[in-house]
There are 2 protein chains.
Amino acid sequence: MKTLDPANYDHLKLENQLCFPVYAASRLIIRAYQPHLDALGITYPQYLTLMVLWEEETMTVNEIAHKLLLNTNTITPLLKRLEAMKLVSRSRGIDDERKVMISLTDKGRAMREDASSIPFKLVAGLEDKGLTPSMLLNLKQQLHQLIEGMASF
Amino acid sequence: MKTLDPANYDHLKLENQLCFPVYAASRLIIRAYQPHLDALGITYPQYLTLMVLWEEETMTVNEIAHKLLLNTNTITPLLKRLEAMKLVSRSRGIDDERKVMISLTDKGRAMREDASSIPFKLVAGLEDKGLTPSMLLNLKQQLHQLIEGMASF
DNA sequence: CGCATTTATATCGCGCGCGATAAATATTTA
DNA sequence: TAAATATTTATCGCGCGCGATATAAATGCG
């Protein structure tokens with residue numbers, strides 16, 4: 001029995017944490033997306049934002065932020081950059097002047113076609129590394145459970 | 001069978017992605033750590049860096065970056081901030097002048113004591129949300145597999 | 001030895017991510 | 001209706017995270 005430490009700090013070791021693997025995996029996945037997104041000229045958070053809009057073409061800033069579990073002050077400048085790239089348009093709500101409606105432009109809508117092959121490429125890359133689709137599905141479901149539990153914090 | 005879309009873009013839906021849950025979970029976990037780390041006056045990446053040094057008191061910038069799967073240009077300024085807080089010290093390597101040795105100070109070493117209760121509090125909070133320790137362990141192991149596969153990209 | 005190459009760290013610029021705060025509009029309530 | 005409150009978005013500052021680049025020290029090689 002090793003007693004190098006007066007107290008037992010094993011629970012503070014990086015390898016025993018859940019937080020670090022999630023954090024590291026997130027960055028590694030974003031890195032894997034990078035070359036594909038570079039080809040489209042967008043960043044990973046911008047890609048996620050477009051995915052939201054590809055499902056529903058017009059949404060408020062708040063609704064997008066809620067879907068992505070982000071604060072509005074994070075996506076406000078992001079949406080302005082997407083607007084500068086002519087991928088979305090911004091307009092004040094008619095019924096409620098406080099709301100800002102974000103809509104896909106034709107260009108933003110067209111980008112879905114270019115992006116549609118990306119997930120397949122990523123999954124194929126992971127399969128080459130020995131990660132089966134069923135394993136990824138399992139992981140996804142467990143993460144959804146974790147998010148469900150944590151989003152209510 | 002719904003055919004609202006000419007092509008099938010289901011694989012581009014947020015809920016069908018693995019990338020988004022990992023990304024969201026990472027941020028939610030960091031948010032959960034926030035109040036505990038605020039009490040110590042450090043950020044989440046700084047906390048991870050200290051965890052590495054709590055396991056091995058002196059390491060080079062490169063070794064720390066490698067452990068955290070980060071680039072050195074990310075942690076160089078981070079380490080300078082830790083130095084400004086008197087939590088670590090920086091000194092050039094004797095054998096190799098290019099290397100910068102990062103060492104824990106007494107203050108940095110002492111902070112482990114204050115931090116040691118954090119993981120327990122977090123796990124307890126998750127248990128209250130219905131997430132069992134065995135589920136978290138399972139998730140951690142799966143993430144390690146994913147990281148193993150992706151780190152070689 | 002002299003010079004090219006590699007390695008280790010640092011610098012710079014940009015886009016998040018978020019706490020704190022502000023400003024404008026809408027809603028509630030006295 | 002007038003004032004207080006709430007909602008929605010925007011602004012600001014700071015710390016990452018990383019690609020591109022720079023600088024200095026070490027290594028390799030003719």
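Lettering follows sequence order; numbering is per chain, from 1.
Positionally, the nearest nucleotide of DNA chain D for A:T72 lies more toward the 5' end than for the other of A:T72 and B:D96. Between B:R27 and A:R98, the residue anchored closer to the 5' end of DNA chain C is B:R27, taking for each the nucleotide with the nearest heavy atom. Comparing A:Q34 and A:P77 by the nucleotide of DNA chain D whose heavy atom lies nearest to each, the residue mapping closer to the 5' end is A:P77.
The distance from atom CG of A:L82 to atom CD1 of A:I75, rounded to the nearest 0.5 Å, is 9.5 Å. To the nearest 0.5 Å, the span separating CG on B:N71 from CZ on A:R31 amounts to 5.5 Å. Between B:L53 atom CG and B:L104 atom CG the span is 5.0 Å, to the nearest 0.5 Å.
Remark: A:R81 is not in phosphate contact with C:dC14, judged by side-chain N or O atoms under 4.0 Å from OP1 or OP2. Using a 4.0 Å cut-off, some side-chain N or O of A:T76 falls inside it from OP1 or OP2 of D:dA10. At C:dC16, none of the side-chain N or O atoms of A:K80 fall inside 4.0 Å of OP1 or OP2 (strictly under the cut-off). Residue A:R90 has a polar side-chain atom (N or O) positioned under 4.0 Å from OP1 or OP2 of D:dA10. Regarding contacts with the backbone of D:dG17, a side-chain N or O of A:Y23 is found under 4.0 angstrom from either OP1 or OP2.
Note on ring orientation: taking the six-membered ring where Trp is involved, the planes of B:Y47 and B:W54 are perpendicular (angle over 60°, cut-offs 30° and 60°). Aromatic ring pairs are classed by plane angle as parallel below 30°, tilted from 30° to 60° and perpendicular above 60°; the pair A:H11 and B:F120 is tilted.
No contact: A:I75 has no heavy atom under 4.0 Å from any strand. Contact annotation for B:I30: no contact, since no heavy-atom pair falls under 4.0 Å across all strands. Within 4.0 Å of B:T43, counting heavy atoms only, lie sugar-phosphate atoms of the nucleic acid but no base atom.
Spacing between atom CG of B:L79 and atom C1' of D:dG17 amounts to 14 Å, rounded to whole angstrom units. Going from atom CD1 of B:I102 over to atom P of C:dA8 covers 15 Å, rounded to whole Å. Residue B:L68 contributes atom CG, which lies 12 Å from atom P of D:dC16 at whole-angstrom precision. Atom CD in A:E97 sits about 19 Å away from atom P in C:dA23, given to the nearest Å. Between the CG atom of B:L78 and the P atom of D:dC18 there is a distance of 12 Å, rounded to whole Å. If you take CG of B:L48 and C1' of D:dG17, they are 13 Å apart, rounded to a whole angstrom. Distance CD1 (A:I29) to P (D:dC18): 13 Å, rounded to an integer number of Å. In this entry the distance linking CD of A:E83 with P of D:dA10 reads 10 Å, nearest Å.
Listed nucleotides D:dA10, C:dT9, D:dC16 differ in distance to B:N62; the shortest reach to its side chain belongs to C:dT9.
In this model, a side-chain donor or acceptor of A:N73 finds a partner on the base of C:dG19 within 3.5 Å. For A:N71 against C:dG19, no side-chain N or O and base N or O form a donor-acceptor pair under 3.5 Å.
Stacking of A:R27 on the aromatic ring of A:Y23 is recorded, both the 6.0 Å distance cut-off and the 45° axial limit being met.
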